[in-house]
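Convention: sequence-line order gives letters A, B, ...; per-chain numbering from 1.
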Amino acid sequence: MNYWLMKSEPDAFSIDDLKHKTIEPWDGVRNYQARNMLRDQMQIDDQAFFYHSNCRNPGIVGIMEITKVGYPDSTAFDPSSQYFDPSGNPENPRWYRVDVSFIKKFSRIISLDELKRHPLLQTMQAARKGNRLSITSVSLEEWQVIISLAEG
DNA sequence: GCCAACGTTGGC
DNA sequence: GCCAACGTTGGC
């Protein structure tokens with residue numbers, strides 16, 4: 001079982017949007033490192049923190065789970081999609097997505113500032129300065145610390 | 001293969 | 001809106 005952190009801009013898609021859907025394809029990821037995780041590493045029942053980025057109060061807002069392993073992201077082949085990639089080729093898909101589903105929304109945001117300050121979270125990739133990767137892995141230890149912050 | 005120019009992410 | 005920190009592109 002793996003743990004992840006996945007970013008979304010709440011103006012585009014928030015934890016409250018996810019809450020109202022049974023299954024949601026996590027599409028539009030156009031970065032090779034993140035693609036490799038989507039395609040090769042994520043497994044059914046893995047859990048992921050939902051992170052609100054590029055907003056007034058960035059941070060972790062809840063939990064979701066992976067409900068379908070990586071499969072081609074068809075938005076890359078759809079000219080009407082904002083995620084259309086004109087260099088793409090359906091016979092040899094470049095971009096992948098997984099399906100996720102809502103587990104819970106935290107009663108408070110675990111802010112980026114709090115992640116950065118916590119002594120046990122200094123190793124967290126998502127909290128490092130300059131980090132732009134929209135999907136990062138989370139260790140079991142980091143996961144448990146954050147869960148205790150959210151539930152404490 | 002190098003690297004300058006350019007584009008994007010995302011905190012602030 | 002600014003800009004640091006990347007990732008990508010393309011000339012050479």
Q.
The criterion is salt bridge (Lys or Arg N to Asp or Glu O under 4.0 Å); which residues satisfy it with A:Asp27, sequence neighbours excluded?
A. A:Arg97

Q. Mind checking what makes side chain to side chain donor-acceptor pair (under 3.5 Å) contact with A:Ser80, not counting sequence neighbours?
A. A:Asp78

Q: Grab the CG-P distance between A:Asp113 and B:dG11 for me, whole Å please.
A: 12 Å

**Q.** Distance in angstrom units between A:Met124 CE and B:dG11 P, rounded
**A.** 13 Å

Q.
Could you work out, with salt bridge (Lys or Arg N to Asp or Glu O under 4.0 Å) as the rule, every residue matching A:Glu151, not counting sequence neighbours?
A. A:Lys104

Q: In whole angstrom, give the distance that lies between atom CZ of A:Arg30 and atom P of C:dG7.
A: 18 Å

Q | Interatomic distance, A:Ile109 CD1 vs B:dG11 C1' [rounded to whole Å] | A | 15 Å

Q: Under 4.0 Å from any atom of DNA chain B, heavy atoms only: list the residues of residues 48-59 of chain A that qualify, in numerical order.
A: A:Tyr51, A:Ser53, A:Asn54, A:Pro58

Q. What is the distance, rounded to the nearest whole Å, between atom CG of A:Leu133 and atom P of C:dT8?
A. 10 Å

For nucleotides 2-5 of chain C, list the nitrogen or oxygen atoms of the protein found under 3.5 Å from its nitrogen or oxygen atoms, one pair per line.
residue : atom : partner  : partner atom : Å
C:dA4   : O3'  : A:Lys129 : NZ           : 3.4
C:dA5   : OP1  : A:Lys129 : NZ           : 2.5

Q. Looking at A:Leu149 and A:Leu121, what are the two nearest heavy atoms and their distance?
A. CD1-CD1, 4.3 Å

Q: Rounded off to whole Å, could you give me the CD-to-P distance for the A:Glu114 and B:dG11 pair?
A: 15 Å

Q. A:Leu5 CG to B:dG10 C1': how many Å, rounded?
A. 13 Å

Q | Residue pairs fulfilling side-chain hydrogen bond (donor to acceptor under 3.5 Å, both in side chains) with at least one residue in residues 4-16 of chain A, sequence neighbours excluded | A | A:Trp4-A:Asp46, A:Glu9-A:Asn54, A:Ser14-A:Asp17, A:Asp16-A:Lys105

(Q) The criterion is side chain to side chain donor-acceptor pair (under 3.5 Å); which residues satisfy it with A:Gln43, sequence neighbours excluded? (A) none

Q | Partners meeting salt bridge (Lys or Arg N to Asp or Glu O under 4.0 Å) with A:Lys21 (sequence neighbours left out) | A | A:Glu24

Q | Nucleotide C:dT9, atom P - distance to CG of A:Asp85 in whole Å | A | 9 Å

Q.
For residues 112-121 of chain A, which residue pairs pass the side-chain hydrogen bond (donor to acceptor under 3.5 Å, both in side chains) check, not counting sequence neighbours?
A. A:Arg108-A:Glu114, A:Asp113-A:Arg117

Q.
Testing the basics here: between A:Tyr96 and A:Arg94, what is the closest heavy-atom pair and its distance to 0.1 Å?
A. CD1-O, 4.0 Å

